[in-house]
Amino acid sequence: MASFSPLTVFISATSLAVFQFLFHVGSSWLSARLTCGFSKLSARQKIEWNSRTVSSFHALVVGCFCLYILVYDDAVNADPVWGDPSMVKLNVAVTSGYLISDLLLIIYYWKEIGDKYFVTHHLAALYAYYYVLGEGMLPYFGNFRLIAEFSTPFVNQRWFFEVLGYSKYALPNMVNGVLMTISFFIVRIAVIPIYYGRVFSTFGTEAFHKLGLGAQCAWIISSVSLDIMNVMWMIKITKGCYKVLYHRDGKSTKTQNNGKLE
């Protein structure tokens with residue numbers, strides 16, 4: 001039976017409270033001082049702006065902690081399935097608090113930022129993190145997935161430029177687009193062989209069998225599904241980047257009002 005430590009619960013709750021504060025207070029206060037364009041946004045745009053600001057902040061925090069754990073946490077690197085998950089739990093607890101906070105905001109502001117995909121994604125992620133936080137399973141793999149967050153700030157910045165009225169051919173937008181493409185490839189595509197190399201190395205071991213069928217299926221199915229989506233997104237991002245860089249007629253690239261990938 002799952003056992004959530006008081007520290008894990010406290011960090012998740014604190015994370016939720018902090019991200020709620022950043023959405024309702026911190027983001028607006030800071031954004032109004034960084035760009036005069038923020039005050040000109042509609043109420044609907046400000047809601048999504050604050051949501052994306054919080055998203056970028058979360059991505060940088062957990063991404064950096066993820067790298068630290070991958071480099072310095074010898075226990076998790078030595079035993080990716082059952083290694084001491086203490087540090088990983090801290091990182092995953094922060095992410096869990098963020099996911100719950102974002103879910104609450106999506107539901108409350110459904111007309112403005114409601115998205116069935118993100119609800120599904122957040123619920124699936126929380127289910128997967130249950131095994132890390134509650135059972136102490138798969139700490140290496142749970143943490144490894146968080147490295148993908150490094151591409152999030154560039155995706156959000158793309159939307160920021162768009163809503164502020166920047167042309168997709170403006171230099172800042174083009175530079176961000178190239179960085180978004182490169183970062184997405186590095187943290188979501190290039191790492192696939194490394195991730196599955198560690199996955200395959202556990203097959204047939206006592207540690208793998210100890211997981212049980214439920215955890216094994218949840219782990220493998222979620223991993224494969226996520227990487228299929230990442231490959232599909234990578235193709236779309238690459239095509240979009242190519243069109244902007246080499247077809248500057250202003251008609252080659254189509255974007256949605258919310259700045260998300262089509």
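Note that the CE atom of M174 and the OH atom of Y169 stand 9.0 Å from one another [nearest 0.5 Å]. Rounded to the nearest 0.5 angstrom, N156 CG and S151 OG are separated by 9.5 Å. Taking CG from D84 and CG from D79, the interatomic distance works out to 10.0 Å, rounded to the nearest 0.5 Å. In this structure, L22 CG and S55 OG are separated by 12.0 Å, a value rounded to the nearest 0.5 Å. The line from CZ of F4 to CG of L133 is 6.0 Å long, rounded to the nearest 0.5 Å. Taking CE of M229 as the start and OG of S225 as the end, the distance is 6.5 Å to the nearest 0.5 Å.
Closest approach of L99 to A125, counting heavy atoms only: CD1-CB, 3.7 Å. Across R52 and V155, no two heavy atoms sit closer than the pair NH1-O, 4.2 Å. The minimum heavy-atom distance between P139 and P80, with the atom names listed, is CD-O, 3.4 Å. Closest approach of V94 and V62 over heavy atoms only: CG1-CG1, 3.9 Å. Among all heavy-atom pairs drawn from Q45 and W159, the shortest one is O-CH2, 3.5 Å. The minimum heavy-atom distance between A59 and P153, with the atom names listed, is CB-CD, 3.9 Å.
More than 12 heavy atoms of other residues, nucleotides or ligands shown are found within 6.0 angstrom of OH on Y196. Other residues, nucleotides and ligands contribute at most 12 non-hydrogen atoms within 6.0 Å of the OH atom of Y166. With a 6.0 Å radius and a threshold of 12 heavy atoms from other residues, nucleotides or ligands, M232 has its CE atom at or below the threshold.
Of the possible polar contacts, one joining the T181 side chain to the G177 backbone as a donor-acceptor pair under 3.5 Å is found. Remark: the backbone N or O of L70 is paired with a side-chain donor or acceptor of N77 at under 3.5 angstrom. Panel note: side chain N143, backbone C66; a donor-acceptor pair is recorded below 3.5 Å. Under the 3.5 Å distance criterion, the side-chain polar atoms of N176 are left unmatched by any main-chain donor or acceptor of P172. Within the 3.5 Å criterion, the main-chain N or O of F65 finds no donor-acceptor partner in the side chain of N91. In terms of modelled atom types and a separation under 3.5 Å, the side chain of S28 and the main chain of V25 share no donor-acceptor contact. A distance-only check finds a donor-acceptor pair linking the side chain of S222 to the backbone of A218 [under 3.5 Å]. Looking at S96, its side chain does come within 3.5 Å of a backbone N or O of V92 through a donor-acceptor pair. Using a distance-only test at 3.5 Å, with no hydrogens or angles considered, no donor-acceptor pair links the side chain of T14 to the main chain of I11.
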Could you walk me through whether T8 and S5 satisfy the side chain to side chain donor-acceptor pair (under 3.5 Å) test, starting with their C-alpha distance in whole Å, then the side-chain angles of each, then the deciding distance to 0.1 Å, before giving a yes or no? CA-CA 5 Å; T8 296; S5 70; 2.8 Å; yes

Apply side chain to side chain donor-acceptor pair (under 3.5 Å) to the pair S223 and Y195, showing each step before the final yes or no. CA-CA 9 Å; S223 295; Y195 180 83; 2.8 Å; yes

Kindly indicate, with the supporting measurements, whether the criterion side chain to side chain contact (heavy atoms under 4.5 Å, CB included) is fulfilled by M137 and V81. CA-CA 6 Å; M137 300 176 177; V81 180; 5.9 Å; no

Where do F160 and T53 land on the side chain to side chain contact (heavy atoms under 4.5 Å, CB included) test, with the steps shown first? CA-CA 9 Å; F160 291 147; T53 300; 3.7 Å; yes

Dump the intermediate steps for side chain to side chain contact (heavy atoms under 4.5 Å, CB included) on I237 and F185, then the final yes or no. CA-CA 10 Å; I237 289 173; F185 174 77; over 6 Å; no

Without placing hydrogens or testing angles, list every side-chain donor-acceptor pair under 3.5 Å for residues 30-41, not counting sequence neighbours.
| residue | atom | partner | partner atom | Å |
| --- | --- | --- | --- | --- |
| S31 | OG | S27 | O | 2.7 |
| S31 | OG | W49 | NE1 | 2.8 |
| R33 | NH1 | W29 | O | 2.9 |
| T35 | OG1 | G37 | N | 3.1 |
| S39 | OG | C36 | O | 2.9 |

Please output the side-chain donor-acceptor pairs of residues 104-111 that fall under 3.5 Å, not counting sequence neighbours, one pair per line with the distance.
none

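Partners of Y98 under the ring-ring contact (aromatic ring centres under 6.0 Å, His included) rule, at least two apart in sequence or in another chain, are F19, H58. With sequence neighbours excluded, the residues forming a salt bridge (charged side-chain N to carboxylate O under 4.0 Å, His left out) with D227 are R145, listed by chain and number.
A continuous path of hydrophobic side-chain contacts links F144 to V71 [ILVMFWY only; heavy atoms under 4.5 Å]. Linking ILVMFWY residues whenever their side-chain heavy atoms come closer than 4.5 Å, directly or via other members, leaves I221 and L226 in distinct clusters. At a threshold of 4.5 Å between side-chain heavy atoms, the hydrophobic network of Ile, Leu, Val, Met, Phe, Trp and Tyr places F200 and W219 in one connected group.
Classified by interplanar angle (parallel below 30°, tilted 30° to 60°, perpendicular above 60°), the ring pair H121/Y117 is tilted. Using bins of under 30°, 30° to 60° and over 60° for the plane-to-plane angle, the ring pair F184/W233 lands in the perpendicular bin. Taking the six-membered ring where the residue is Trp, Y68 and Y72 present tilted rings, their angle falling between 30° and 60°.
Side-chain polar atoms of E149 and T152 form a donor-acceptor pair below 3.5 angstrom. Side-chain atoms of S167 and N173 form no donor-acceptor pair, as typed in the model, at a separation below 3.5 Å.
Contact check for F23 versus S51: side-chain heavy atoms found under the 4.5 Å cut-off. Residues P85 and V76 have side chains not in contact (no heavy-atom distance under 4.5 Å, counting atoms from C-beta outward). Under the 4.5 Å side-chain criterion, counting only non-hydrogen atoms from C-beta, L126 is in contact with L103.
Members clustered with L213: none, using a 4.5 Å side-chain heavy-atom cutoff among hydrophobic residues. Taking Ile, Leu, Val, Met, Phe, Trp and Tyr as members and joining any whose side-chain heavy atoms lie under 4.5 Å apart, directly or through other members, L60 forms no hydrophobic cluster with any other residue.
Taking the six-membered ring where the residue is Trp, the centroids of Y127 and Y131 are separated by under 6.0 Å.
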